[in-house]
Amino acid sequence: MESLTLYESVAERVRRTIQHGTFAPGRRIPSVRRLSSELGVSITTVLEAYGLLEREGWIEARPQSGYYVRSRSECPEVEARERRPSCKPADVGVEDRVLRLITDSRNPSLVQLGSAHPPADLLPTARLTRLMSAAARRLGPAAAAYDVPPGCVPLRVQIARRLIGAGCTVTPDEVVTTNGCLEALNLAFRAITRPGDTVAIESPTYFGLLHALQLQGLRVLEIPTHPRSGISVDALRFAIEQNPDLKACLVMSNYNNPLGSLMPDESKRALVELLTEHDIPLIEDDIYGDLCFSAERPRVAKAYDRKDLVILTSSVSKDLSPGFRVGWVVSARFQREIVRLKTAFNIATATLPQYAVADFLENGGYDAHLRRARRVYAAHVEAMSRAVGRYFPPQTRMTRPQGGFVLWVELPGRVDSLQLYEHARAAGISLAPGPIFSARQNRYRNFIRLNCAHWSDAIERAVETLGRLVSQSS
Ligand SMILES: Cc1ncc(COP(=O)(O)O)c(C=O)c1O
C-alpha cells in the first residue's frame with residue numbers, strides 16, 4: 001500500500017472517527033487550531049486534511065462556525081412508486097432463501113450484510129450476564145422454576161414505564177412477556193385471526209413476519225409504503241373499501257424494516273382513526289422505535305389508541321440482546337386470550353433473562369446505552385450510504401433512514417438481486433435480496449437490504465466488491 005502524506009494521514013484519522021460514530025452527522029468536529037495542537041501538526045496540514053475531507057463529502061465548513069460532519073449521501077433517494085394497494089388478497093410464499101439467510105448469519109466466513117443483527121461489541125452483554133447471576137442468587141430455587149404468563153412483574157413494570165416515553169400510558173397488567181418480538185407478533189395474529197383470514201401489511205415488509213403469516217395460513221393485502229413516511233393511509237382506506245372483511249393491519253410505524261420509514265404523528269393518528277372506524281385491530285411492531293438517530297424517541301401509534309384496538313409488540317433483540325429472547329405484547333382487550341395462547345404454545349418466557357432485562361432497564365444505564373447505540377448506528381448507516389454511493393453504479397438509489405440500522409438499495413433495473421445474492425455469497429458476502437420482503441416473492445427483484453449495524457474496513461471492501469458485482473450485471 002502506498003504510504004500516506006502527513007495531511008492524508010490526518011484526514012484518515014478524522015475519517016475514521018466519523019465512520020466509527022465519535023462524530024455523528026451534523027456534529028461539529030474539532031477546530032483547525034485545536035486539532036493542530038492535539039496532533040502536533042501545523043495548521044496548514046490540518047487545513048489540507050479538512051480540505052480533502054470536504055472534497056470527499058465527509059465534512060462541510062460553515063461560515064464563522066467551524067467544520068461539521070455532513071449527512072449527504074451520494075445516491076438519489078428511493079422513490080415511492082405504487083399508489084394503489086393490491087385489491088386481491090394473496091397467499092404468502094416464503095422461500096428457503098429466508099432460512100438460508102438466517103443460517104448464514106452464524107457463518108463466520110461471510111461478511112454479514114444480510115441479517116439485521118446488532119454488533120456484539122455494542123451490546124451490554126457483560127453487564128446483563130452479571131445481572132442474570134445476581135438475579136439467580138436473589139431468586140434461589142425460583143430462578144430455575146417456570147415463570148407464569150403474563151410474565152415477570154418487574155419487567156412488565158419497566159415496559160409500562162418506558163412506554164410513557166413513547167407517548168403511551170398502559171398498566172403492567174396489559175403487558176405479556178414473550179420469547180422475542182416474533183412470538184409477540186404470532187400471538188397477536190393468532191388472538192385476532194383464523195386461517196384463511198386476510199390482513200393488511202406494509203410493502204415491503206420484514207420477511208420473518210411473512211414467514212409467520214404463512215404458517216398461520218393468513219392471506220395478505222400489501223399496502224404501498226413510502227420510503228420516508230411509511231404506510232399510505234389513503235391506500236389502506238381504499239383496500240378496506242375493497243375488502244371490508246379485513247381482519248387486522250400490521251405496521252412498523254417507527255423505522256420499518258427494510259425501509260427505515262418513520263410515520264409522522266399525524267399519519268399515526270389517521271391510521272388509528274381509520275382502523276377504529278372499521279373496528280379493525282392494528283398490530284404495531286415497535287422493535288426499532290428506541291433506535292432513533294435524533295435525541296427524541298418517536299411516539300408509537302398506540303399513543304392514539306382510544307378504543308384499545310392497537311396491540312403493541314416489541315423486544316430487546318435490536319438494542320440489548322437478540323439471544324435473551326425477551327419480548328412483549330401489550331393489549332388490555334386481548335390480554336386474556338394472549339395469555340391463554342402463550343401458555344398453550346410454550347408455557348412461559350425463560351425466567352432469568354426477564355429479570356436481568358428488568359434490572360438493566362431499571363438501573364443498568366439503559367438511556368446511556370441507547371445514546372451510544374443511536375450515535376453509532378447513525379454513523380454506520382451514513383458510512384454504508386457513502387460507500388454504496390462511491391462503489392455502486394450511478395443509477396443506484398437508496399433510502400435515508402432516520403433510525404434503525406438497515407439500508408434499502410434500489411439497483412439499476414436489469415440487476416437481479418437473487419442472482420446477485422448467489423454471486424455475493426460465493427464472494428464471501430451475505431445480503432438480503434429484495435423479493436423476500438414481499439408475499440408474492442416476485443417484487444423488488446432489483447432491490448437489496450444491507451445491514452449497517454457493523455462498520456469496518458473489511459465491510460467497506462465487501463461493499464466495493466458488491467458494487468463491482470452489481471456493475472457487472474447491470
Ligand atoms: C421488524 C422486526 N420485527 C420482529 C423481529 C423479530 O424480533 P425478535 O428477534 O425479538 O423475535 C425482527 C428481527 O429482525 C424485525 O426486524
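Both backbone and side-chain heavy atoms feed into the values below; hydrogens, waters and symmetry mates do not. One-based numbering, in listed order, for ligands and for the atoms of each.
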Before accepting this row, confirm whether a basic side-chain N of the pair [X]/[Y] lies closer than 4.0 Å to the acidic partner's carboxylate O.
| X | Y | answer |
| --- | --- | --- |
| R138 | D359 | yes |
| R100 | E422 | yes |
| E266 | R269 | yes |

Element-labelled atoms of ligand 1 that are located less than 4.0 Å from some non-hydrogen atom of [X]:
| X | value |
| --- | --- |
| M252 | 1 (C) |
| G180 | 10 (O), 11 (O) |
| S315 | 10 (O) |

At what distance is the nearest protein heavy atom to [atom], and which residue and atom is it?
| atom | result |
| --- | --- |
| atom 9 (O) of ligand 1 | R325 NH1, 2.9 Å |
| atom 7 (O) of ligand 1 | I287 CD1, 3.3 Å |
| atom 16 (O) of ligand 1 | N257 ND2, 2.8 Å |
| atom 6 (C) of ligand 1 | Y206 OH, 3.6 Å |
| atom 3 (N) of ligand 1 | D285 OD2, 2.6 Å |

Are the side chains of F437 and N257 in contact, using a 4.5 Å heavy-atom criterion? yes

Can you tell me how the ring of F405 sits relative to the ring of Y377, calling it parallel under 30°, perpendicular over 60° and tilted otherwise?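 Tilted.
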
Strictly under 4.0 Å, does any heavy atom of K318 approach an atom of ligand 1?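 Within the 4.0 Å threshold, so yes.
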
Residues S253 and K302: side-chain donor-acceptor under 3.5 angstrom: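 There is no such pair (donor and acceptor under 3.5 Å, judged by atom type) between the side chains of S253 and K302.
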
If we ignore angles and hydrogens, is there a donor and acceptor under 3.5 Å between the side chains of S232 and D234? no

